[in-house]
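Take a look at the structure set out below.
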Amino acid sequence: MASSVSADTPAPWRALAAVPLLATLPEDRLRALWRDSLPRRHHAGEVLRGIGDPAEHLLVLLRGRVCATAGTAAGRVVRFGAWAGPCALDKVAVIDGRGHTATLTAITACSVRSLPRARFEELVDDVPSVRRHVLRLLADQARRQQERFADAAMLPVEARLATWLLARAAASPHARVELPHTQQELADLLGTTRVTVNRALSALRRDGLVEVTRRAVAILAPELLALRAHAPSRREAQR
């Protein structure tokens with residue numbers, strides 16, 4: 001007897017509707033994008049794309065987590081962030097056609113759809129909601145990049161860490177921040193070393209501003225932490 005699919009089982013292409021970039025598209029467009037995209041699965045630790053690789057496809061992450069990194073001339077790794085599906089990855093690279101802006105690596109097992117660049121460009125040209133989404137994304141990235149440069153150039157590590165914690169705690173109802181999988185990942189995000197970020201985290205804990213567990217940080221004194229985010233380090237204050 002042939003097997004049948006329950007009427008309650010969602011069609012696979014509906015997974016695209018959960019991607020913010022594509023959320024406003026009608027069903028016929030989503031079905032067409034599903035047909036035009038190629039499925040890929042990646043294991044944890046696998047590189048999806050390397051920095052500078054041709055961005056000939058828009059990578060739509062349906063499930064899993066991916067981080068973006070780049071190496072410096074001094075041999076350090078800079079971590080730009082991590083993203084969880086559903087989302088579209090490195091849209092900027094697909095738009096300008098100059099190659100991927102970072103190395104994209106699977107943190108967990110990932111399910112991805114690869115959409116040809118020409119199809120993505122059609123969406124940007126034809127669908128106002130997609131165009132607005134891309135413009136907001138580019139503006140947000142430009143703003144965050146400028147803030148990141150300013151932080152790296154002017155703020156001590158402890159202030160950078162405090163700023164990072166406050167930004168993420170703002171989105172949490174319990175003022176609790178989930179830490180990256182390793183302290184090295186957090187160090188890469190802040191543009192410093194694991195030893196230095198561990199020292200800064202220990203200082204905040206010792207001063208009673210945060211409580212640190214193995215995988216999370218609870219903000220105990222947000223007002224004082226905010227002051228620490230804008231204050232110079234103790235060493236600088238003593239000069």
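Index from 1, following the sequence. Everything quoted here is computed from the prediction, not taken from an experiment.
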Cluster overlap [X] with [Y], hydrophobic side-chain contacts below 4.5 Å:
| X | Y | answer |
| --- | --- | --- |
| I51 | V92 | no |
| L135 | V130 | no |
| L227 | L201 | yes |
| V124 | V19 | yes |

For residues L220 and L209, determine if any side-chain heavy atom of one lies less than 4.5 Å from a side-chain heavy atom of the other. no
Determine whether V94 and L59 make a side-chain contact, defined as any pair of heavy atoms from C-beta on separated by less than 4.5 Å. no
Please round to the nearest 0.5 Å and tell me the distance separating atom [atom1] of [X] and atom [atom2] of [Y].
| X | Y | atom1 | atom2 | value |
| --- | --- | --- | --- | --- |
| L61 | C87 | CG | SG | 4.5 Å |
| L25 | L16 | CG | CG | 9.0 Å |
| L165 | I219 | CG | CD1 | 5.0 Å |
| L115 | L38 | CG | CG | 9.0 Å |
| R63 | T108 | CZ | OG1 | 10.5 Å |

Under 3.5 Å, is there a donor-acceptor pair between the side chain of [X] and the main chain of [Y]?
| X | Y | answer |
| --- | --- | --- |
| R41 | A109 | no |
| R176 | A218 | no |
| D188 | T69 | no |

Heavy-atom count around R131 CZ within 6.0 Å, excluding the residue itself: above 12? yes
Residues in side-chain hydrogen bond (donor to acceptor under 3.5 Å, both in side chains) contact with [X], at least two apart in sequence or another chain:
| X | answer |
| --- | --- |
| E56 | none |
| R215 | H181 |
| T196 | T193 |

Atom of [X], atom of [Y] and distance for their closest heavy-atom approach:
| X | Y | answer |
| --- | --- | --- |
| D126 | R29 | CB-NH2, 3.7 Å |
| A88 | L21 | CB-CD2, 4.0 Å |
| V66 | I107 | C-CD1, 4.0 Å |
| A229 | T163 | CB-OG1, 3.5 Å |
| P20 | P86 | CD-O, 3.5 Å |
| L22 | L30 | O-CD2, 3.9 Å |

Checking R65 against W83: charged group under 6.0 Å from the ring centre and within 45 degrees of the axis? no
Can you name the residues that form a side chain to side chain contact (heavy atoms under 4.5 Å, CB included) with [X], not counting sequence neighbours?
| X | result |
| --- | --- |
| T105 | V47, C67, T103 |
| P116 | H57, R119 |
| L186 | L161, W164, L179, P180, L190, V197 |
| T24 | S129 |

Just grab all the side chain to side chain donor-acceptor pair (under 3.5 Å) pairs involving residues 42-53, residues at least two apart or on different chains. H42-E46
Applying salt bridge (charged side-chain N to carboxylate O under 4.0 Å, His left out) to R31 and not counting sequence neighbours gives E27
Using the salt bridge (Lys or Arg N to Asp or Glu O under 4.0 Å) rule, pick out the option among R205, R228, R199, R206 that qualifies with E158. R228
